[in-house]
Amino acid sequence: MPELPEVEVTRLSLVERLRGAEITGVRVGKPLRWPLGCEPGMLTGRRIIDITRRGKYLWFALGVPSPPGGDGGGLLLHLGMSGSLSLTPGTPAPGPWDHFDLHTSRGLLRLTDPRRFGAVVWSDAPHEGAAGRLLAGLGVEPFDPGFTAAHLKAGLSGRRVAVKQALLAGDVVVGVGNIYASETLFLAGIDPRTRSERVSLARCGRLADAVRRVLARAVALGGSTLRDFRDAHGAGGAFQLEARVYGREGLPCQVCEQPVRRIVQGQRSTFFCATCQRR
DNA sequence: ATGGGTACCTGTCTGC
DNA sequence: TGCAGACAGGTACCCA
């Protein structure tokens with residue numbers, strides 16, 4: 001489910017509420033993608049200092065009671081394909097897909113994830129241990145000033161894979177998943193099958209702009225709710241209503257009215273307009 | 001090093 | 001109605 005916009009929308013729906021909250025209990029359900037990596041009980045009594053995002057990961061920075069505000073490591077969380085977080089008052093009984101609960105002084109933070117491709121991982125610091133290994137090698141943030149045409153061009157050069165797959169790989173720029181890769185390439189007018197190394201500097205500039213515009217718009221609309229994405233307060237997103245190509249196979253392109261095509265690249269669906277998007 | 005494929009797991013939808 | 005098969009928003013890992 002979640003690409004950068006959904007993760008950021010989730011973060012925004014949590015951060016004000018949970019900053020300063022004390023962890024009062026932890027429940028671990030069925031195994032997720034990676035083990036938690038700590039004794040759940042050791043989290044009790046720590047406070048959530050901040051929630052930040054790196055790519056599609058959330059980092060819950062924790063503080064220990066003494067010294068007050070002292071560094072208390074943190075939890076790295078990934079929503080996988082089907083994960084979502086909710087923050088609710090009280091302690092509703094866990095359903096079959098609720099695999100991680102953080103009871104806090106501000107409510108119950110719950111990870112619901114039917115496919116269990118998500119994970120919650122303890123680390124002393126985001127750059128250390130298990131979190132460090134997961135975050136190492138991630139590309140630049142799309143809203144970082146370092147995400148320029150030149151950066152994209154350098155990242156794509158020497159790669160023979162299709163530009164769609166290079167965008168998805170996440171080692172050049174993070175956060176672009178399968179929906180937004182198609183949307184971004186449509187907006188930039190680039191055929192998703194174009195070999196990475198053949199995308200010109202000028203088109204890299206257009207592509208970088210498109211990535212920023214598509215992701216920012218998706219965040220503003222609360223993300224995409226294709227089946228079940230919700231922010232932590234249960235609100236769905238609306239970007240899917242503005243999708244130009246994703247999920248629109250056979251429907252007329254909104255620009256030229258030719259049918260949108262669907263192909264498979266690296267076992268994932270890609271949607272594009274063969275008229276508006278050029279190699 | 002790069003690129004291709006597999007694996008993880010479960011739900012939903014489609015077509016016979 | 002039942003059932004097999006395709007497909008789903010991600011990404012680490014294995015092998016050529």
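Computed from a predicted structure; not experimentally measured. Residue numbers begin at 1 in each chain, while the letters A, B, ... track the order of the sequences.
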- Query: Under the 4.5 Å side-chain heavy-atom rule for ILVMFWY, direct or indirect, which residues accompany A/Ile263?
  - Reply: A/Phe272
- Task: Share the residues that join A/Leu251 in a hydrophobic cluster, the rule being Ile, Leu, Val, Met, Phe, Trp or Tyr side chains under 4.5 Å apart at the heavy-atom level.
- Result: none
- Group every Ile, Leu, Val, Met, Phe, Trp and Tyr by side-chain heavy-atom contacts under 4.5 Å, then state whether A/Leu215 and A/Val172 land in the same group. yes
- Task: Scan residues 162-190 of chain A for pairs that pass salt bridge (charged side-chain N to carboxylate O under 4.0 Å, His left out), counting only residues two or more places apart or in two chains.
- Result: A/Arg159-A/Asp171
Please list each protein N or O that sits under 3.5 Å from an N or O in nucleotides 13-16 of chain C, with the distance.
none

Protein-nucleic acid N or O pairs under 3.5 Å, nucleotides 3-10 of chain B:
residue	atom	partner	partner atom	Å
B/dG3	OP1	A/Arg160	N	2.3
B/dG3	OP1	A/Val161	N	3.1
B/dC9	O4'	A/Arg115	O	3.4
B/dC9	O3'	A/Arg116	NH2	2.8
B/dC9	O2	A/Arg115	NE	3.0
B/dC9	N3	A/Arg115	NH2	3.4
B/dT10	OP1	A/Arg116	NH2	2.6

- With A/Tyr57, which residues qualify under side-chain contact (heavy atoms from CB on, under 4.5 Å), at least two apart? A/Trp34, A/Leu76, A/His78, A/Leu134, A/Leu135, A/Leu138
- side-chain N/O A/Ser269 vs C/dC7 OP1/OP2, d < 4.0 Å: no
- Task: Can you sort out the partners of A/Ala136 under side-chain contact (heavy atoms from CB on, under 4.5 Å), two or more places apart, ordered by chain and number?
- Result: none
- Item | Pairs where residues 144-168 of chain A contributes a residue and the test ring-ring contact (aromatic ring centres under 6.0 Å, His included) is met, not counting sequence neighbours | none
- Task: Under 4.0 Å between any heavy atoms, over every strand shown, what does A/Tyr246 touch: base, sugar-phosphate, or nothing? Just pick one.
- Result: sugar-phosphate
- Which salt bridge (charged side-chain N to carboxylate O under 4.0 Å, His left out) pairs, counting each pair once, include a residue from residues 76-95 of chain A, with sequence neighbours left out? none
- Task: Under 4.0 Å between any heavy atoms, over every strand shown, what does A/Arg133 touch: base, sugar-phosphate, or nothing? Just pick one.
- Result: nothing
- DNA chain C stem ranges, 3 or more consecutive Watson-Crick or G-U pairs under 3.5 angstrom: B:2-8 with C:10-16, B:10-16 with C:2-8
- side chain to side chain donor-acceptor pair (under 3.5 Å): pairs with one or both residues in residues 238-257 of chain A, sequence neighbours excluded: A/Arg217-A/Glu242, A/Arg244-A/Gln254
- Query: Mind checking what makes side-chain contact (heavy atoms from CB on, under 4.5 Å) contact with A/His233, not counting sequence neighbours?
  - Reply: A/Ser13, A/Asp231
- Message: I'd like the P distance from B/dC9 over to C/dC3, given in whole Å.
- Response: 24 Å
